[in-house]
Amino acid sequence: MRIIKESLVKIKKQGLNILLIAYWFMLIYIVAGFAWWFISLEQQNKQMYQFRYAELKRDEPYFVEKVEALQDARRRKTLQYIGEGGTFFLVILIGAFFVYRAARRALRLSQQQQNFMMAVTHELKTPIAVVRLNLETLLRRQLELAQQKRLLNNTLEEANRLNTLTNNILTVSQLETGAYHLNMQELNISELGENCVHAFQKRFSHRIVETHIEEDIFVKGEYQLLEMLLNNLLDNARKYSAEKTLISFSITQSERNVHIEVADEGNGIPDTEKKNIFNKFYRVGNEDTRSSKGTGLGLYLCNKIVEDHKGRIFIKDNEPIGAIFVVLIPKV
Ligand code: ADP
């Protein structure tokens with residue numbers, strides 16, 4: 001299966017390479033044709049000048065003025081070619097640039113969609129397989145209580161993963177199509193933050209989360225979306241940092257805004273990737289270098305949720321290592 005997939009990707013890549021070569025060939029051909037056109041016209045201009053000059057007689061009246069008029073006409077023609085040709089050339093280059101950019105975008109999106117489909121298939125199949133296996137084991141064998149508990153916890157964890165994934169996918173599509181009915185109400189984000197960290201600690205008791213949450217900060221928002229936002233950020237901090245490192249979570253306020261910060265001590269995010277990771281399906285690196293599984297939807301969704309709350313999300317570097325996701329949302 002994997003081999004077939006790889007061969008399909010290879011064939012697609014080859015096809016795209018051929019298209020790219022054809023594109024550059026056409027462009028070079030047009031530019032060369034253009035240069036040739038300019039040179040021929042210029043030669044014609046010169047010949048015309050020489051022809052007219054040859055027709056003049058040195059002893060005829062106003063010889064010098066006539067030569068000057070011929071030279072002037074020749075210069076004007078050259079300028080006309082440069083002006084018209086230059087404009088035309090510029091239009092072609094701008095057109096080629098837009099075509100190239102649109103094609104590159106479409107290509108990137110299609111590659112990311114393909115990665116997304118592969119990731120989703122994997123992310124859906126793995127938890128289902130684990131849940132099935134655990135339940136079958138529990139049904140068939142008489143296990144000790146501790147073992148039963150371990151299997152059940154593991155099953156619950158996989159079910160939670162499935163739940164997050166399907167929620168993310170559904171919410172993204174609902175937000176994009178406008179089908180999500182935003183039920184904005186005044187809510188206590190401090191309590192929501194406490195709840196999210198609490199649930200997170202229950203699921204990942206081995207992770208150390210340092211919290212700093214100022215009490216009773218209110219925002220106008222949609223409870224479920226803000227919960228998804230915080231859960232996604234906490235989950236990323238966990239996924240992209242080592243087990244023994246610290247995760248910091250804070251909710252504070254300034255005069256106008258609520259500041260939510262989720263910091264980790266993972267590898268952080270390179271400056272060149274900071275603007276990309278909020279794009280749909282975008283994941284840093286490629287399928288061979290990535291160790292963690294995911295779909296590239298989480299941060300896209302976070303960004304959408306923050307936008308719907310008239311806020312802003314951005315990344316800072318943690319010191320000495322790691323990433324800090326900062327969310328600013330207007331206070332009530
Ligand atoms: P996913 O985690 O499913 O890949 P996200 O949209 O949540 O998708 O994240 C997009 C990419 O941003 C991730 O693939 C990862 O490379 C990077 N990323 C997100 N959060 C962090 C983080 N806390 N530290 C380092 N990289 C991160």
Side-chain angles (χ1 to χ4, degrees), residues 122-124 126-138 143-171 187-219 221-252 258-266 291-295 297-299 301-302 305-306 313 318 322-327 329:
H122 180 274
E123 294 280 287
L124 287 175
T126 315
I128 292 170
V130 175
V131 167
R132 246 177 83 177
L133 192 74
N134 287 353
L135 292 179
E136 277 171 7
T137 314
L138 282 166
L143 298 175
E144 283 176 14
L145 209 63
Q147 271 179 317
Q148 280 184 24
K149 208 169 161 197
R150 193 176 54 76
L151 277 186
L152 284 172
N153 271 333
N154 182 246
T155 311
L156 190 64
E157 180 48 39
E158 292 301 328
N160 280 336
R161 261 182 57 194
L162 260 182
N163 190 34
T164 310
L165 176 66
T166 43
N167 277 346
N168 277 356
I169 295 173
L170 284 178
T171 313
L187 61 89
N188 189 331
I189 188 115
S190 310
E191 273 178 14
L192 173 60
E194 293 273 8
N195 293 344
C196 289
V197 174
H198 186 69
F200 179 83
Q201 285 277 244
K202 233 171 122 184
R203 285 172 67 193
F204 306 102
S205 49
H206 57 288
R207 293 301 306 247
I208 312 161
V209 186
E210 190 184 71
T211 52
H212 170 60
I213 301 178
E214 280 180 28
E215 275 184 17
D216 294 333
I217 305 178
F218 286 85
V219 293
E222 154 80 45
Y223 191 91
Q224 260 161 0
L225 290 185
L226 289 176
E227 190 181 32
M228 280 179 117
L229 165 74
L230 301 186
N231 285 342
N232 268 303
L233 293 180
L234 275 168
D235 209 39
N236 275 353
R238 173 192 67 83
K239 266 187 354 194
Y240 299 107
S241 65
E243 294 236 319
K244 294 222 164 61
T245 55
L246 184 75
I247 295 172
S248 309
F249 181 90
S250 74
I251 302 185
T252 53
V258 178
H259 295 240
I260 303 167
E261 290 199 8
V262 184
D264 62 62
E265 296 177 345
S291 54
S292 67
K293 287 289 158 196
T295 54
L297 264 188
L299 287 178
L301 178 62
C302 288
I305 293 174
V306 174
I313 183 167
N318 201 3
I324 309 178
F325 282 83
V326 185
V327 175
I329 298 179

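Just so it is clear, the model here is predicted, and its values are computed rather than measured.
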Taking R207 for the side chain and E243 for the main chain, is one N or O donor matched with an acceptor at less than 3.5 Å? yes
Nearest 0.5 Å, please: how far is CD1 in I313 from CD1 in I305? 9.0 Å
When you look at NZ of K239, are more than 12 heavy atoms from neighbouring residues, nucleotides or ligands closer to it than 6.0 Å? yes
Between side-chain atoms of residues 130-138 and protein atoms elsewhere (two or more places apart, or another chain), which donor-acceptor pairs fall under 3.5 Å?
{"from": "N134", "atom 1": "ND2", "to": "L151", "atom 2": "O", "distance (Å)": "3.4"}
{"from": "N134", "atom 1": "ND2", "to": "N154", "atom 2": "OD1", "distance (Å)": "2.8"}
{"from": "N134", "atom 1": "ND2", "to": "T155", "atom 2": "OG1", "distance (Å)": "3.1"}
{"from": "T137", "atom 1": "OG1", "to": "L133", "atom 2": "O", "distance (Å)": "2.6"}

Rounded distance (nearest 0.5 Å) linking atom CD1 of I329 with atom CD1 of I217: 11.0 Å
Residues forming a side-chain hydrogen bond (donor to acceptor under 3.5 Å, both in side chains) with E265, sequence neighbours excluded: none
Measuring from atom CD of E144 to atom CZ of R150, what distance do you get when rounded to the nearest 0.5 angstrom? 11.0 Å
Donor-acceptor check, side chain of N318 to backbone of D264, threshold 3.5 angstrom: yes or no? yes
Check ring pair (Phe, Tyr, Trp, His ring centres under 6.0 Å) between F200 and all other residues, then give those that pass, not counting sequence neighbours. F204
On a heavy-atom basis, the closest approach of I213 and G193 is CD1-C, 4.0 Å
Do any N or O atoms from the side chain of S205 and from the backbone of K202 form a donor-acceptor pair under 3.5 angstrom? no
Does any non-hydrogen side-chain atom of V258 lie less than 4.5 Å from one of T252? no
Could you tell me which residues satisfy side chain to side chain contact (heavy atoms under 4.5 Å, CB included) with T171, sequence neighbours excluded, listed by chain and number? L175, Y180, L225, M228, L301
Can you tell me how far the CG atom of N167 sits from the CG atom of L162, to the nearest 0.5 Å? 10.5 Å
Going by the side chain to side chain donor-acceptor pair (under 3.5 Å) test, which pairs reach into residues 227-236, not counting sequence neighbours? N168-N232, D235-R238
d(S248 OG, I324 CD1) to nearest 0.5 Å is 8.0 Å
Which atom pair, heavy atoms only, marks the closest approach of I260 to L230? CG2-CD2, 3.8 Å
All side chain to side chain contact (heavy atoms under 4.5 Å, CB included) counterparts of V197, not counting sequence neighbours: Q201, V209, T211, L234, F249
Rounded to the nearest 0.5 angstrom, the CG-CD1 distance for L229 and I189 is 7.5 Å
How would you list, by chain and number, every residue that makes a side-chain hydrogen bond (donor to acceptor under 3.5 Å, both in side chains) with Q147, sequence neighbours excluded? none
Here the salt bridge (Lys or Arg N to Asp or Glu O under 4.0 Å) pairs for residues 158-168, sequence neighbours left out, are E123-R161, E158-R161
Quick one: does S190's side chain have a donor or acceptor within less than 3.5 Å of a partner on E214's backbone? yes
Tell me the closest heavy-atom pair linking G221 and L226, and the distance in Å. CA-CD1, 4.2 Å
In chain order, what residues pass the side-chain hydrogen bond (donor to acceptor under 3.5 Å, both in side chains) check against H259, with sequence neighbours excluded? S254
Hits for side chain to side chain contact (heavy atoms under 4.5 Å, CB included) against N160, two or more places apart or cross-chain, chain-then-number order -> L156, E157, R203
Could you work out, with ring pair (Phe, Tyr, Trp, His ring centres under 6.0 Å) as the rule, every residue matching F218, not counting sequence neighbours? none
